[in-house]
Amino acid sequence: GRLHMTTPRAVSPQRVLVIEDNAANLKLMVFLLKSFGLHPLAASSGGEGVRVALEERPDLILCDLQMPEVDGFQVLRLLDEAPGGRPAPVVAITAFAMVGDRERVLRAGFDGYLPKPINPATFAQQLEGFLSVDRAFANAHEMPASRGEVALRPVPAPASPRALVLAIDDTPWNLQLLRSVLQPHGFRVLTAASVTEGLAMAKEHRPDVILSDWHIADGNGDTLLAALRDDPLLRRVPLAFLSHSGEGVPRPRLEGARWLRRIADPRALVAQVEEMLGDTAAAPTVP
């Protein structure tokens, strides 16, 4: 029968350890885990990952295979040889996608396999099984009440996008983060790397929300604000500038513009975008 909990209860977010020596990949996975209500732990080397895994006893371990000094296979062996054995399921993450790689990884003893590059839209669903079903009860007909309520709550994307968000930033990593957070929550995200490109896309696609960095290669927020003020079709589009602090930058006076701190909590960003969409719904539209 279908696994279910008899008496669910609220518990703290499940903890996922990411062991990855590539800083960009590590940052992306930590960011995605936060966006789905999980508590990420991070290690940038195999040796550090083993230490954190044994000290913190996470609920799941994601481990890159190709790392210097202590690679993923060695991490798995060290965890299995530690007193009490591996503290949690270990899922291998690798850029290799050759025929037979998955079988080789599973034969080595990993509990699962995820290929790179990570797909933000499906990442949470790929991990859900490892977090919602304890291996000790994999063949049971129901989970014991002490397991509590499953912490992972990915938001399914609706059949049609909720709204169109235009993100303007000349740093590719920032654009990737915005897509990673907003797309799984049902938003369609267009990206532009300059003010010129952003304005052209805005005129063509009429976004519901615009998110922009203030300092961009071919201009800044003032350039964007002036152009939006002059366009009757775009001047009422809710606009937010993302900034780490905003210090030393003049506050915009364009109606609907606001400042948002550079993303720290993904769920806060989603809430802010939803609030901006509410501002749009309350304002008169331009035919």
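The chain is numbered in sequence order, starting from 1. Because the structure is a prediction, the values reported are computed rather than measured.
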Find out whether [X] and [Y] are in side-chain contact, i.e. whether some heavy atom of one side chain is under 4.5 Å from a heavy atom of the other.
{"X": "Leu79", "Y": "Val50", "answer": "yes"}
{"X": "Val270", "Y": "Phe187", "answer": "yes"}
{"X": "Leu166", "Y": "Leu211", "answer": "no"}
{"X": "Val91", "Y": "Leu60", "answer": "yes"}
{"X": "Leu32", "Y": "Ile118", "answer": "yes"}

Can Gln272 and Arg258 be counted as having a side-chain donor-acceptor contact under 3.5 angstrom? yes
May I ask you to check whether over 12 heavy atoms, not counting those of Glu69, lie within 6.0 Å of atom CD? no
Nearest heavy-atom pair of [X] and [Y]: which atoms, and what distance?
{"X": "Ala42", "Y": "Val30", "answer": "CB-CG2, 4.1 Å"}
{"X": "Arg57", "Y": "Arg15", "answer": "O-NH2, 3.1 Å"}
{"X": "Leu54", "Y": "Pro87", "answer": "CD2-CD, 4.5 Å"}
{"X": "Leu199", "Y": "Leu224", "answer": "CD2-CD1, 3.6 Å"}

Identify whether Leu242 and Leu175 are in the same connected component of the hydrophobic contact network (ILVMFWY, side-chain heavy atoms under 4.5 Å). no
Counting N and O atoms only, with roles assigned by atom type, does the side chain of [X] sit under 3.5 Å from a partner on the main chain of [Y], one being a donor and the other an acceptor?
{"X": "Glu197", "Y": "Ala193", "answer": "yes"}
{"X": "Glu56", "Y": "Pro58", "answer": "no"}
{"X": "Asp218", "Y": "Val195", "answer": "yes"}

Member of Ile168, Leu225, Ile210, Asp213 meeting the side-chain contact (heavy atoms from CB on, under 4.5 Å) criterion with Phe241: Leu225
Interatomic spacing from CE in Met201 to CG in Leu164 - rounded to 0.5 Å: 8.5 Å
CG-OG distance between Asp170 and Ser194, expressed to the nearest 0.5 angstrom: 8.5 Å
Where do Val105 and Leu65 land on the side chain to side chain contact (heavy atoms under 4.5 Å, CB included) test, with the steps shown first? CA-CA 9 Å; Val105 167; Leu65 290 184; 3.7 Å; yes
Give a yes or no on whether a salt bridge exists between Arg235 and Asp230, defined as a side-chain N under 4.0 angstrom from a carboxylate O. no
Show your reasoning for whether side chain to side chain contact (heavy atoms under 4.5 Å, CB included) applies to Lys203 and Leu233. CA-CA 8 Å; Lys203 292 177 181 179; Leu233 297 179; over 6 Å; no
Side chain to side chain donor-acceptor pair (under 3.5 Å): which pairs involve residues 36-47, sequence neighbours left out? Ser44-Glu48
Side chain to side chain donor-acceptor pair (under 3.5 Å) partners for Glu81, two or more places apart: none
Residue list, side chain to side chain contact (heavy atoms under 4.5 Å, CB included) with Gln74, at least two apart or on another chain: Val70, Asp71, Arg77
